[in-house]
Amino acid sequence: MLKGKTALVTGSTSGIGLGIARALAAQGANIVLNGFGDTEGPKVEIAALGVKVAYHGADMSKPAEIEAMMTFAAAQFGQVDILVNNAGIQHVAKIENFPVERWDAVLAINLSSAFHATRLALPAMQAANGGKGWGRIINVASVHGLVGSAEKSAYVAAKHGIVGLTKVTALENATTGVTCNAICPGWVLTPLVQKQVDAKAAAGGISNEQATQQLLGEKEPSMQFTTPEELGALAVFFCSPAGNNVRGVAWNMDGGWAAQ
Ligand code: NAD
């Protein structure tokens, strides 16, 4: 379905970003990976799906590096048709103790990076398809884009912000073939959440399994993690013809978290 298209997925060396990159590659899209840590493993895995793959190590907190990544992607594959703004970090502390440097980093990586990548991707998407436009921008927000949780001020502010950015991007392109939507996962067992499980186990003197059950029990009625594969399938839907007129939604996959 996506053969010949190019998808750039930020923060795709791990977790949800890698899951979405896999799902888009399985539909035939060429992939530009980004993120830290092991880059060879994800590159080999995506290439094995029979698509072209490239990697750029832009630090998403740095606008000049984001610009270099967008230029690199266009040079590699012609243009970016699908942009998935996924890179994100977490920091947990009460507002009065929240390190200012962590606030700035969370806002830069979880929110401003999406603005920069979007503003740089839009002109080519708007010009595609003989000037009628074709493009898909998918912002990985969070259920924390819809509701708050204590001790996550920067994360909740950034995620509410990216839901707002999603709506404005969708509206400004509503008469074109460029859509923008947000995905709002509940708990997904990735390294980002494993750190929170480990902290809970250490603080409570409990096992990993008990900490996991507590974490789910506090927020997620289904008592199940959402998986990167499920989120990848939703991203594929947004890219499909059936998603042509889905514009500006913040779609939660959260086991009932925000329904309470
Ligand atoms: P993860 O830690 O597994 O992956 C984060 C990715 O972002 C990695 O590839 C990492 O290298 C990259 N990254 C971090 N800082 C970066 C930077 N400065 N520049 C470039 N890349 C950077 O986390 P994840 O759980 O897969 O999170 C992915 C997204 O999903 C985040 O936006 C997160 O807020 C969101 N999310 C996660 C959950 C969850 O439960 N895990 C729930 C809702 C939303």
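As the structure lists them, so they are numbered: ligands from 1, and atoms in each ligand from 1.
Between Ser142 and ligand 1, no pair of N/O atoms sits closer than 3.5 Å. For ligand 1, one of its N or O atoms has an N or O atom of Ile16 under 3.5 Å away. In terms of N/O distances under 3.5 Å, ligand 1 is not approached by Val143. Considering backbone and side-chain atoms together, Gly11 places an N or O closer than 3.5 Å to an N or O of ligand 1. The shortest N or O to N or O distance between Phe36 and ligand 1 is under 3.5 Å. Taking only nitrogen or oxygen atoms, main chain and side chain alike, Val188 reaches within less than 3.5 Å of ligand 1. Residue Trp187 has no N or O atom closer than 3.5 Å to an N or O atom of ligand 1.
Considering each of Tyr155, Phe225, Trp257, the one bringing a non-hydrogen atom nearest atom 35 (C) of ligand 1 is Tyr155. In this structure, of Ala114, Ala141, Ala21, the residue bringing a heavy atom nearest to atom 44 (C) of ligand 1 is Ala141. Checking Pro185, Ser61, Ala158 against atom 43 (C) of ligand 1, the nearest heavy atom belongs to Pro185. Heavy-atom proximity to atom 14 (C) of ligand 1, evaluated over Val140, Ile89, Thr10, is greatest for Ile89. The residue among Leu192, Asp254, Val84 with a heavy atom at the shortest distance from atom 2 (O) of ligand 1 is Leu192. The closest heavy-atom contact to atom 5 (C) of ligand 1, among the options Gly145, Gly15, Gly88, comes from Gly88.
Contacts between Asn86 and ligand 1 below 4.0 angstrom, taking non-hydrogen atoms only, involve backbone and side chain alike. At a 4.0 Å heavy-atom cut-off, ligand 1 does not touch Gln90 at all. The backbone of Ser12, and not its side chain, has at least one atom closer than 4.0 Å to an atom of ligand 1 (non-hydrogen atoms only; backbone = N, CA, C, O). For Pro228, no heavy-atom contact with ligand 1 is shorter than 4.0 Å. Neither the backbone nor the side chain of Cys184 has any atom closer than 4.0 Å to an atom of ligand 1 (non-hydrogen atoms only).
Not a single heavy atom of Gly37 lies less than 4.0 angstrom from ligand 1. Using a 4.0 Å cutoff on heavy atoms, Gly19 does not count as a contact of ligand 1. Within the 4.0 Å heavy-atom shell around ligand 1 one does not find Gly57. Not a single heavy atom of Ser113 lies less than 4.0 angstrom from ligand 1. Proximity of Lys159 to ligand 1 is established by a heavy-atom distance of less than 4.0 Å.
Asn97 places no side-chain N or O within 3.5 Å of a backbone atom of Ala93 that could act as its donor or acceptor partner.
Aromatic ring centroids of His91 and Tyr155 lie 6.0 Å or more apart.
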